[in-house]
Amino acid sequence: MDNTCQNTPNMFQTSGPDHDFFARRCIWVNGPVIVGAGPSGLAVGSGLRGQGVPFVMLERANCIASLWQNRTYDRLKLHLPKQFCQLPSFPFPEDFPEYPTKYQFINYLESYAKHFNINPHFNETVQSAKYDETFGLWRVKTVSTSSSNPSEVEYICRWLVVATGENAEKFLPEFEGLQDFGGHVMHACDYKSGESYRGERVLVVGCGNSGMEVSLDLCNHDASPSMVVRSSVHVLPREILGRSTFELAVTMMKWLPLWMVDKILLLFSWLILGNIEKYGLTRPCLGPLQLKNTQGKTPVLDIGALEKIRSGKIKVVPGIKRFSSGKAELVNGEILQIDSVILATGYRSNVPSWLKVRKWFAF
C-alpha cells in the first residue's frame with residue numbers, strides 16, 4: 001500500500017530536525033525493506049516471496065548485481081565451485097562449468113530475479129535509515145535519480161534488511177606524491193582487460209585475489225606488472241587432490257577443529273605450491289581460516305599467478321614510500337619506472353554512512 005505522508009497516522013508527526021518528514025513522498029511498506037539487489041538481497045527476496053511476504057527492494061544502481069555487472073574485469077570467474085554460489089531454490093543450469101564466468105553468473109542472477117518476480121526500485125539511493133524505538137518502525141529515506149528531476153521518498157516499515165555486502169565502496173588509500181605521478185591511475189573496480197596495457201610497466205597495488213588476478217591478466221596481455229605486497233598473505237591452491245580447496249575445508253570442519261583444518265590446508269599448500277616465502281609472499285602467523293574468521297581477510301586462491309611470479313613475469317615488490325613523475329619509490333629504497341598504476345586495494349561497506357543505528361551492527 002502506498003500512502004502519502006498526509007494520510008499517515010498522527011504518531012509520525014515530528015518537529016525539530018525531522019521537519020522535512022512531510023516534505024517528501026511517504027510510503028508504508030507492509031513488510032521488509034531490502035537495501036541491495038545483489039545475490040544476498042535476491043536470496044532474501046525469493047524467501048519472502050515464497051512465504052507470501054510483501055517487500056520493497058531498493059538498489060542505487062540501474063541493474064541487479066551491480067558489482068558484478070559494472071565493477072569486475074572481463075576474465076573473472078567464480079573462485080568457488082558453482083554449488084557453493086547458487087542461490088536458494090534455483091540451481092545453476094547443468095551445462096554451466098564448475099567455475100562459471102562472470103557473464104554466466106550475471107545471466108543466472110537475472111534469471112533468478114525473473115523467476116521469483118523480484119522487481120527492485122533501481123536508481124534509488126538510501127540516504128539514511130533510522131529506527132524509531134517509540135513506535136517500533138524504521139524510517140528509510142531515499143533519493144531516486146531515475147528521472148531528470150531527483151525525487152525524495154521515505155519508506156516506513158517494521159523490518160529492514162541490509163544486503164549491500166562488504167564491497168559497496170572502493171577503498172582508495174592516500175599515497176604521497178600520487179598527484180605528481182602523471183601516468184594512468186585507476187582502481188581495480190574499473191579495470192576490464194590488460195589489452196590496453198600491452199608493453200607497459202604497471203604497478204599493481206595489492207596482493208589479494210583481485211591484485212593477483214589483475215597481475216596475471218596483465219601478463220597474459222604482454223604487460224610487465226609489479227605487484228605490491230605490503231603485508232603477509234595466504235596463498236592456497238584452488239584445488240587439492242582434484243577437489244575444491246573450499247569444499248575440502250568445509251568437509252573437514254564438520255569433524256575437525258579450525259586450527260587443525262588450517263594445519264592440513266597449509267601442509268597441502270606447501271606440497272602443491274612449494275615455499276612461497278622465497279618469492280616475497282610471507283604467510284601470516286594465523287592459519288587461513290582462523291584469519292578469515294577473526295579478521296575477515298580472505299585467502300588467495302591461486303589460478304596461475306604464482307607460476308608467473310616464479311618465472312619473474314610478475315615482480316613482487318614491498319610497500320610504496322612515495323610516487324613522483326613516472327616513478328614509484330619503495331620502502332626498501334628501490335625506484336621503479338612505471339607507466340600506470342592499478343589500485344587493487346579492496347572495498348569497504350557503505351552502511352556506516354547511512355545506517356543511523358549502531359548497537360545491532362559491527363562495522
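Index from 1, following the sequence.
Distance alone, capped at 3.5 Å, places no donor-acceptor pair between the Ser66 side chain and the Cys63 backbone. In terms of modelled atom types and a separation under 3.5 Å, the side chain of Glu307 and the main chain of Gly304 share no donor-acceptor contact. Put simply, the side chain of Arg71 gets close to the backbone of Asn167: a donor and an acceptor are under 3.5 Å apart. The closest donor-acceptor contact from the side chain of His187 to the backbone of Gly346 lies under 3.5 Å. Between the Asp132 side chain and the Leu137 main chain, no donor and acceptor come within less than 3.5 Å of each other.
Side-chain contact between Met212 and Met227: present, with at least one pair of heavy atoms (C-beta onward) separated by less than 4.5 Å. Contact of the Val202 side chain with the Ser224 side chain is not registered, since no non-hydrogen atoms from C-beta on lie closer than 4.5 Å. Counting heavy atoms from C-beta on, the side chains of Leu160 and Leu355 come closer than 4.5 Å. In this structure the side chain of Leu236 never reaches within 4.5 angstrom of the side chain of Val300, judged on heavy atoms. Residues Val126 and Val33 have side chains not in contact (no heavy-atom distance under 4.5 Å, counting atoms from C-beta outward). Residues Phe55 and Val161 have side chains not in contact (no heavy-atom distance under 4.5 Å, counting atoms from C-beta outward). Residues Thr294 and Leu286 meet the side-chain proximity criterion, which asks for heavy atoms closer than 4.5 Å.
For the 3.5 Å distance criterion, the side chains of Thr72 and Lys102 qualify, holding a donor opposite an acceptor. Side chain to side chain, Tyr197 and Asp222 fail the donor-acceptor criterion of an N or O pair below 3.5 Å. Side-chain contact of Ser128 with Lys356: a donor-acceptor pair under 3.5 Å is absent, judged by distance alone. His221 and Arg198 share no side-chain donor-acceptor pair at under 3.5 Å.
Tyr155 meets the side chain to side chain donor-acceptor pair (under 3.5 Å) test with His121, Glu124; sequence neighbours excluded.
Annotation: the span from Asn123 atom CG to Asn62 atom CG amounts to 5.5 Å, rounded to 0.5 Å. Here CZ of Arg322 is found 4.5 Å from CD of Glu329. Values are rounded to the nearest 0.5 Å. One distance of note links CG of Leu218 with NZ of Lys313; it measures 13.5 Å at 0.5 Å rounding. How far CZ of Phe84 is from CD of Glu247: 4.5 Å, rounded to the nearest 0.5 Å. In this structure, the separation between CD on Gln83 and CZ on Phe246 is 9.5 Å, given to the nearest 0.5 Å. Between the CD1 atom of Ile314 and the SG atom of Cys207 there is a distance of 11.5 Å, given to the nearest 0.5 Å.
In this pair, Phe105 and Phe92 present their aromatic rings tilted. The plane angle is within the 30 to 60° band.
No more than 12 heavy atoms of other residues, nucleotides or ligands shown are found within 6.0 angstrom of CZ on Arg158. Atom NZ of Lys297 sits in a crowded spot, with more than 12 heavy atoms from other residues, nucleotides or ligands closer than 6.0 Å. Counting heavy atoms of neighbouring residues, nucleotides and ligands inside a 6.0 Å radius, atom CZ of Arg75 exceeds 12 of them. Residue Lys327 places its NZ atom among 12 or fewer non-hydrogen atoms of other residues, nucleotides or ligands, all under 6.0 Å distant.
For residues 331-346, the pairs satisfying side chain to side chain donor-acceptor pair (under 3.5 Å) are Glu200-Ser340, Arg201-Asp339, Lys315-Glu334, with sequence neighbours left out. Legend: side chain to side chain donor-acceptor pair (under 3.5 Å) pairs involving residues 36-59, not counting sequence neighbours, sorted by first then second residue: Ser46-Tyr112.
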Residues Val233, Thr282; criterion side chain to side chain contact (heavy atoms under 4.5 Å, CB included); working and verdict: CA-CA 6 Å; Val233 59; Thr282 304; over 6 Å; no
Lys77 and Thr101: CA distance, side-chain angles, deciding distance, side-chain hydrogen bond (donor to acceptor under 3.5 Å, both in side chains) verdict: CA-CA 4 Å; Lys77 296 181 179 180; Thr101 68; over 6 Å; no
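Ring to ring, His115 and Tyr108 are not that close: their centroids are 6.0 angstrom or more apart.
Salt-bridge check for Glu169 with Arg348: failed, with every basic side-chain N at 4.0 Å or more from each acidic carboxylate O. In this structure, Lys82 does not pair ionically with Glu98, as no charged nitrogen and carboxylate oxygen lie closer than 4.0 Å. Remark: Asp74 does not engage Lys192 in a salt bridge, criterion side-chain N to carboxylate O under 4.0 Å. Remark: Arg139 engages Glu154 in a salt bridge, criterion side-chain N to carboxylate O under 4.0 Å.
Partner of Asp302 under the side chain to side chain contact (heavy atoms under 4.5 Å, CB included) criterion, chosen from Leu273, Ile276, Thr245, Ile309: Leu273.
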